[in-house]
Amino acid sequence: MLYVIEAIVVAIVCALVGFVVFSNYKKNVEATIGNAENKAREIIDEALKTAEAKKREGLLEVKEESIKAKNDLDKEIKERRAEVQRFERRVQQKEESIDKKADSIERKEAALATREEELAKQKEIVAKLNEERVQELERISGLTSEQAKEHLLKIVEDEVKHETAVMIKEMESRAKEEADKKAKEYVVTAIQKCAADHVSETTISVVQLPNDEMKGRIIGREGRNIRTLETLTGVELIIDDTPEAVILSGFDPIRREVARIALEKLIVDGRIHPARIEEMVEKAQKEVEVMIKEEGEAATLEVGVHGIHPELIKLLGKLKFRTSYGQNVLKHSIEVAQLTGLLAAEMGLDIRMAKRAGLLHDIGKAVDHEMEGSHIQLGAELCRKYKESPIVINAVESHHNDVEAQSLIACLVQAADTISAARPGARRETLETYTTRLKQLEDITNNFKGVEKSFAIQAGREVRVMVVPEQISDSDMVLLARDISKQIEAELEYPGQIKVSVIRESRVVDYAK
């Protein structure tokens, strides 16, 4: 019972304490809220005052800016008005100037009209005086006006002819000097950079023997070995008194090479009989085929041309065994390719395309003894067949002027081909061809009117023409030399160039008695 009373008392005391604490807390909260409301009102009032001040400041700034803009606009308007006024004054001045000029022109036109009338009268007087002068001249000279005109025209014609010849000579000399200088620079540069060997090919090959006894073994019993070898290779074996040597004779270099290799193999092997000969000839043919391919590939590598069709490479290799006037065609093609590339480099053209055209320009010579047609036609057909470019095809077709050259590269191939063929020692000519060309050269020059005689000298590189001085004047010599040069270019084929020298000699003979 005591514990219950204590608990009740404690609860009552706690309730009283809690009530007192709550009452104090409530008063504090109400006081805090009142202070906050007062503070908020003060802040709002202060903000309203500040906003009002800012508003007044903004209105003042806007008003100032509007006043400034108005002043600037007024100033610009005044400047524009002043500029318009100045422009109007200039226009007015120009109009006044134009009016003055118009008046001046009218006065000048009137003066010119008066002057023209005076000139017309003077012309009539001059014409009348000129007619009287002509009549007086005709009376004094005893010639009519037509006769005088003819005489005067003849004098003028002779003078013009002489001046024309002199002018042509000067222009030709100047043009030749400039063109020759430039061309020589290109050609000499190309030739200096290109070093090529020239080997004079023949129609025979010599095979060395270890001893003369081997000759009998090569001939065989009743000549069967030599007959077998000649039958299989198509080459003639010449066994004469030449010590330790056998001569192979044949116009086809490939067959001659096959026979040489086969014979050398037989000599090394020692067993020489028809069956062994047939076996060695077959091996030699395969070796030559491999050699042809390797030579073609070596030529393309030496020149630096790639992407050529394998069949064209084989045909290039065949050119190693082809000659033209004693010049090896493969070496000639390589040299032409190098020269064409060097000339193209000097002129800023495509070097690889130039080399390609130079290398393939004589490709038709690899098959011209097997197929009908010239080597130019065959070469162009082969290039078309194996998809070469139109530039290369045109260079092949035009390198002997059979068709017109359509590119600078084709012209360079012509020049390089001429350089390679005309180089001293590069080619041989038969005596008959040489003498025929010299005779044709003299015949061409002798057919011209006024030519007394002519002489082809310097191995056909120069022709000296002696003219009749009574028929050919000094002025006519220039034209005659030009006509002879054009005739030679049109009718003759020759390496290099031919110098035409026209000589006019006048002699006066008298005797002292």
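Atoms considered below: every heavy atom in the structure, side chains included; atoms not considered: hydrogens, waters and symmetry mates.
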Cut-off 3.5 Å, side chains only: do N225 and T228 have a donor facing an acceptor?
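T228 and N225 do not have a side-chain donor-acceptor pair below 3.5 Å.
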May I ask you to test the [X]-[Y] pair for a side-chain heavy-atom distance under 4.5 Å?
| X | Y | result |
| --- | --- | --- |
| L441 | I498 | yes |
| T233 | R255 | no |
| L359 | I334 | yes |
| I308 | R356 | yes |
| K387 | H309 | no |
| R384 | I393 | yes |
| R260 | E264 | yes |
| R352 | K355 | no |

On a heavy-atom basis, which atom in [X] and which in [Y] lie closest, and how many Å separate them?
| X | Y | answer |
| --- | --- | --- |
| V396 | A380 | CG1-N, 3.6 Å |
| A415 | L343 | CB-CD1, 4.4 Å |
| A354 | A344 | CB-CB, 3.6 Å |
| H306 | L301 | CE1-CD2, 4.1 Å |
| S454 | V463 | CB-CG2, 4.3 Å |
| G296 | L316 | CA-CB, 4.2 Å |

Roughly how far apart are [X] [atom1] and [Y] [atom2], rounded to 0.5 Å?
| X | Y | atom1 | atom2 | value |
| --- | --- | --- | --- | --- |
| R271 | R217 | CZ | CZ | 11.0 Å |
| L412 | D417 | CG | CG | 12.5 Å |
| M466 | R504 | CE | CZ | 12.0 Å |
| K331 | L319 | NZ | CG | 12.5 Å |
| S374 | K365 | OG | NZ | 11.0 Å |
| K318 | I254 | NZ | CD1 | 5.5 Å |

Take atom CD in Q471; do more than 12 heavy atoms of anything else shown fall under 6.0 Å from it?
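Above 12, so yes.
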Tell me whether E452 at atom CD has more than 12 heavy atoms from other residues, nucleotides or ligands lying less than 6.0 Å away.
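More than 12 heavy atoms, drawn from other residues, nucleotides or ligands, come within 6.0 Å of this atom.
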Ion pair [X]/[Y], N-O distance below 4.0 Å:
| X | Y | answer |
| --- | --- | --- |
| K293 | E289 | no |
| K385 | E381 | no |
| K320 | E294 | no |
| K283 | E279 | yes |
| K265 | E287 | yes |

Pair I503, M477 - check side-chain contact (heavy atoms from CB on, under 4.5 Å), show working.
CA-CA 8 Å; I503 300 172; M477 289 172 60; over 6 Å; no
Please check this pair: side chain of [X] against backbone of [Y], looking for a donor-acceptor N/O pair closer than 3.5 Å.
| X | Y | value |
| --- | --- | --- |
| E230 | L237 | yes |
| N211 | M214 | yes |
| E311 | Y386 | no |

I'd like to know whether S398 forms a side-chain contact (heavy atoms from CB on, under 4.5 Å) with Q406, so could you lay out the CA-CA distance, the side-chain angles of the two residues, the decisive distance to 0.1 Å, and finally the verdict.
CA-CA 9 Å; S398 65; Q406 298 175 356; over 6 Å; no
How far apart are the C-alpha atoms of H361 and H332, what are their side-chain angles, what is the distance that settles it, and do they pass the ring pair (Phe, Tyr, Trp, His ring centres under 6.0 Å) test?
CA-CA 10 Å; H361 82 284; H332 166 67; 5.2 Å; yes
For S333 and D362: C-alpha separation, side-chain torsions, deciding distance, then whether side chain to side chain donor-acceptor pair (under 3.5 Å) applies.
CA-CA 7 Å; S333 298; D362 268 346; 4.9 Å; no
Sort out for me which residue in L209, I218, I247 forms a side chain to side chain contact (heavy atoms under 4.5 Å, CB included) with I239.
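Exactly one option meets the side chain to side chain contact (heavy atoms under 4.5 Å, CB included) with I239, and it is I218.
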Please step through side-chain contact (heavy atoms from CB on, under 4.5 Å) for the pair D476 and D474, ending with a clear verdict.
CA-CA 5 Å; D476 295 332; D474 290 339; over 6 Å; no
Give the C-alpha distance, both sets of side-chain angles, the deciding distance and a yes or no for side-chain contact (heavy atoms from CB on, under 4.5 Å) between V246 and V206.
CA-CA 6 Å; V246 174; V206 179; over 6 Å; no
